[in-house]
Amino acid sequence: MEFVNTEKKADTTRIETLIERFALGEVKDGDPVRLKGTLHRIKEMSGFAFVNVRGARTVFQCIWEEGTSTPHINQFRVEECVIIDGTVVFEERSRLGFDIRIGHMERISGRAEVPPVEIGNDRKMEKLNLNTLLDNRVISLRNPKIRAILKIADGVMYGFRQFLREEGFTEFVPPKIVSEGAEGGADMFEVDYFGQKAYLNQSPQMYKQIMVGVFQRVFTVGPVFRAEKYSTNRHINEFQGMDLEMGFIDSFEDLMELEARMFQYLFRLLNEQYAPELELFLGRDARLPDLTVFPKLRFTEAKQLFADAHPGGQGQSALAEPDFAPEEEKWLGEYFLKELGAPIVFITHYPSVKRPFYAMDDPDDPKYTLSYDMLLNGLEVTTGGQRIHDYEMQLEKMRKRGMDADQFEDYLTMHKYGMPPHGGMGLGLERIVQNLLGLDNIKQATAFPRDRDRLRP
RNA sequence: GGCCCGGUAGUUCAGUUGGUUAGAACGCUAGCCUGUCACGCUAGAGGUCACGAGUUCGAGUCUCGUCCGGGUCGCCA
């Protein structure tokens, strides 16, 4: 019998490791190196060639030389994976401060065909039509700028989880196949469940409230399904919901306070650990702003602010609507960015008619709820609020809405057996990423978007 | 789903009042070039003009239908 090795091998073939060691002065001119990567770009010159190789997070440059490097460079095509045995040569003309002179290069992938899109050229990739980009998603994701988007998404999920654990939250996993909708069944995907009708979950709402009765503070990250036939730049039919729910709150203000701190934490984490990716979008040495102030205003105040700034028909019709038009949200985002340098705005006390049955009405004015939306650069990325925790109150609100309480037996069971005052929020991962990086379409912010006409790849 | 706009080379696009063999750039192929990374230069290959029907002597171009896409609105994260 043999045993599995548990000793971690030194990973010396990663370019990122070599760059770190170069910065620390641990690499000497002329040092031999072995590196693994993917051929990103090959530019043949006279007697030599620039060979750009893509690592996990960086593209580095090697020099192939006629006569000294083997085999001939014309034996290779871009996107082929290679192992390079070469030499570090300090070189001021190189972006990293050093080149790697190729001694021998071995292909460890199969032969690659010519890609239909120019993976090695960021500007060309950016000019692609969204449809071409997505049709060729399998390889377009390899482009450094495109993969940076997904790296940022990784950072947002990482920050969300890390912050909440530090705040005493427990992560749990709700089911994705359910028998009833949390908020009505109109926009749910139906699935056949052993001959019985079931649905893909449109929200973890009920489950996270149930878990508040268990752990007090909980969160979950996972796919949420909406069967609406959307056609906008900010909707997809499967998105990653980042949901949390917190028990024993003193007021719904606690939720906004938590979220404000969460975004401070998140921005700091991205600036510290995801700088190379941010720079591809925000510019050289650019960082996300320090979040110091978080404007908070009531729904009616926000409406009035918009109406005052837009005298005439547009302002009047805005006042008449019980919700914000995308244009109004955009204007509010720009207004507070300009006036206070605040990219995040909290809008509170949404009208009760626009909020779900579990939303806690404001005892001072029951036409409005103890709820809020958070706008990031003028786009709604979070909806949150306090929930009804009293059984009788919840029954009463359902009755008023003409809902059949029998269909919500599981939901009401938790109230029946005692729930603390609680509330929570749901954040859309892709929307956050879309906004942080200024992407035109939310489909760019997820690896494999699902929309009305797209089920592949 | 409503309204508006679009579909031409692998990609991004141009294509005049309907008129000979449908163009450019990038990519690709073959060369040239010792510091390129949107390099540059020369030559070449590459097209069912989304699909179907119609009008016409003649359709990439005009009409209708179908399919697909983009923007916007509804709704939301």
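Here is the naming used below: chain letters follow the sequence lines, and residue numbers restart at 1 for every chain.
B:C62 sits 10 Å from B:G6 when the P atoms are compared, rounded to a whole Å. Separation of the P atoms belonging to B:C5 and B:G46 is 37 Å when rounded to the nearest angstrom. Comparing the C1' positions of B:A22 and B:G60 gives a spacing of 8 Å, expressed to the nearest Å. Annotation: B:G58 and B:G19 have their P atoms spaced 15 Å apart (nearest Å). Comparing the same atom, P, in B:U29 and in B:G23 gives a spacing of 24 Å after rounding to whole Å. Comparing the P positions of B:A77 and B:G2 gives a spacing of 25 Å, expressed to the nearest Å. Remark: the separation of the C1' atoms in B:A9 and B:A45 is 11 Å, to the nearest Å. To the nearest whole angstrom, the two P atoms, one in B:U12 and one in B:A50, are 15 Å apart.
Residue A:Glu44 places its side chain closer to B:C33 than to any other of B:C73, B:C33, B:U36. Of the candidate nucleotides B:U36, B:A77, B:C76, B:A77 has the atom lying nearest to any side-chain atom of A:Ile236. In the set B:G70, B:C33, B:C76, the nucleotide with an atom closest to the side chain of A:Leu130 is B:G70. In the set B:A77, B:U72, B:U36, B:A77 carries the atom at the smallest distance from any side-chain atom of A:His235. Checking B:C37, B:C33, B:C75 against the side-chain heavy atoms of A:Arg95 singles out B:C37 as nearest. Comparing B:C37, B:A77, B:G74 by their nearest atom to the side chain of A:Ala325 picks out B:G74. Checking B:U36, B:U12, B:A77 against the side-chain heavy atoms of A:Phe239 singles out B:A77 as nearest.
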Task: Pair pattern of RNA chain B in dot-bracket, where unpaired bases get dots and | marks partners in another strand, Watson-Crick or G-U under 3.5 angstrom - done: (((((((..((((.....[...)))).(((((.......))))).....(((((..]....))))))))))))....

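Using a 4.0 Å heavy-atom distance criterion, A:Gln61 is classed as a base contact. At the heavy-atom level, A:Asp373 lies nowhere under 4.0 Å from the strands shown. Base engagement by A:Glu91 is indicated by at least one non-hydrogen atom pair under 4.0 Å involving a base atom. Contact annotation for A:Leu379: no contact, since no heavy-atom pair falls under 4.0 Å across all strands. Residue-level contact check: A:Gly426 touches the backbone only, with heavy atoms under 4.0 Å from sugar-phosphate atoms and none from bases.
Salt-bridge formation is not detected for the pair A:Arg93/A:Asp99: no Lys NZ or Arg NE/NH1/NH2 atom is positioned less than 4.0 Å from an Asp or Glu carboxylate oxygen. Using a 4.0 Å cut-off between charged nitrogen and carboxylate oxygen, A:Arg165 and A:Glu171 count as a salt-bridge pair. For A:Asp122 and A:Lys145, the salt-bridge test fails: no basic side-chain N is under 4.0 Å from an acidic carboxylate O.
Tested against A:Lys330 for a salt bridge (charged side-chain N to carboxylate O under 4.0 Å, His left out), the candidates A:Glu334, A:Glu327, A:Glu328 yield a single pass: A:Glu334. With A:Phe219 as the fixed residue, the ring-ring contact (aromatic ring centres under 6.0 Å, His included) test singles out one of A:Tyr207, A:Phe172, A:Phe163, A:Phe160: A:Phe160. Checking each of A:Arg387, A:Lys208, A:Gln386, A:Gln209 against A:His422 for a side-chain hydrogen bond (donor to acceptor under 3.5 Å, both in side chains) leaves exactly one that passes, namely A:Gln209.
Here A:Glu66 pairs with nothing under the salt bridge (Lys or Arg N to Asp or Glu O under 4.0 Å) rule; sequence neighbours left out. Remark: A:Lys367 pairs with A:Asp365 by the salt bridge (Lys or Arg N to Asp or Glu O under 4.0 Å) rule, at least two apart or across chains. Applying the side-chain hydrogen bond (donor to acceptor under 3.5 Å, both in side chains) test to A:Thr58 and every residue at least two apart in sequence or in another chain returns A:Glu16.
Taking CG from A:Asn435 and CD1 from A:Ile344, the interatomic distance works out to 10.0 Å, rounded to the nearest 0.5 Å. A:Met188 CE to A:Tyr199 OH: the interatomic distance, rounded to the nearest 0.5 Å, is 7.5 Å. With rounding to the nearest 0.5 angstrom, the CZ atom of A:Arg142 is 11.5 Å from the CG atom of A:Asn136.
Between A:Lys145 atom NZ and B:C37 atom P the separation is 17 Å, expressed in whole Å. We find that CZ of A:Arg355 is positioned 9 Å from P of B:C76, with the value rounded to whole Å. Rounded to an integer number of Å, the gap from CD of A:Glu79 to P of B:C28 is 12 Å. B:A77 atom P lies 12 Å from atom OH of A:Tyr372, rounded to whole Å. Atom CG in A:Asp440 sits about 15 Å away from atom C1' in B:U72, given to the nearest Å. The CZ atom of A:Phe98 sits 21 Å away from the P atom of B:G35 (whole-angstrom rounding). The interatomic distance linking A:Arg41 (CZ) with B:G35 (P) rounds to 14 Å, in whole Å. A straight line from CG of A:Asn129 to P of B:G71 spans 11 Å, rounded to a whole angstrom.
Between A:Thr132 and B:U11 there is no side-chain N or O to OP1 or OP2 distance below 4.0 Å. Distances shown here put every side-chain N or O of A:Lys43 at or beyond 4.0 Å from the OP1 or OP2 atom of B:A38. Note on A:Asn435: every side-chain N or O is 4.0 Å or more away from OP1 and OP2 of B:A77. When the side-chain nitrogen and oxygen atoms of A:Lys443 are compared with OP1 and OP2 of B:G70, one or more of them lie within a distance under 4.0 Å. Not one side-chain nitrogen or oxygen of A:Arg77 sits closer than 4.0 Å to the OP1 or OP2 atom of B:C28. For B:A25, the OP1/OP2 oxygens have no side-chain nitrogen or oxygen of A:Lys127 closer than 4.0 Å.
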Pairs under 3.5 Å (N/O, protein and nucleotides 5-9 of chain B):
none

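Classification of the A:Tyr350-A:Phe324 ring pair by plane angle, with boundaries at 30° and 60°, yields perpendicular.
Comparing A:Leu133 and A:Arg93 by the nucleotide of RNA chain B whose heavy atom lies nearest to each, the residue mapping closer to the 5' end is A:Leu133.
The stretch residues 100-125 of chain A touches RNA chain B through A:Arg101, A:Val114, A:Pro116, A:Glu118, A:Asn121, A:Arg123, A:Lys124, each having a heavy atom within less than 4.0 Å of the strand.
Side-chain contact, A:Tyr411 with A:Gln205: no donor N or O sits under 3.5 Å from an acceptor N or O.
Judged by the 6.0 Å and 45° rule, A:Arg57 forms a cation-pi pair with A:Tyr274.
Side-chain to base pairing of A:Arg431 with B:C76: one donor and one acceptor N or O lie within less than 3.5 Å of each other. In the interface, the side chain of A:His40 is not paired with the base of B:C37 through any donor and acceptor atom under 3.5 Å apart.
Stacking here means ring centres nearer than 5.5 Å and ring planes tilted less than 30 degrees, and by that measure A:Phe50 does not stack onto B:G35.
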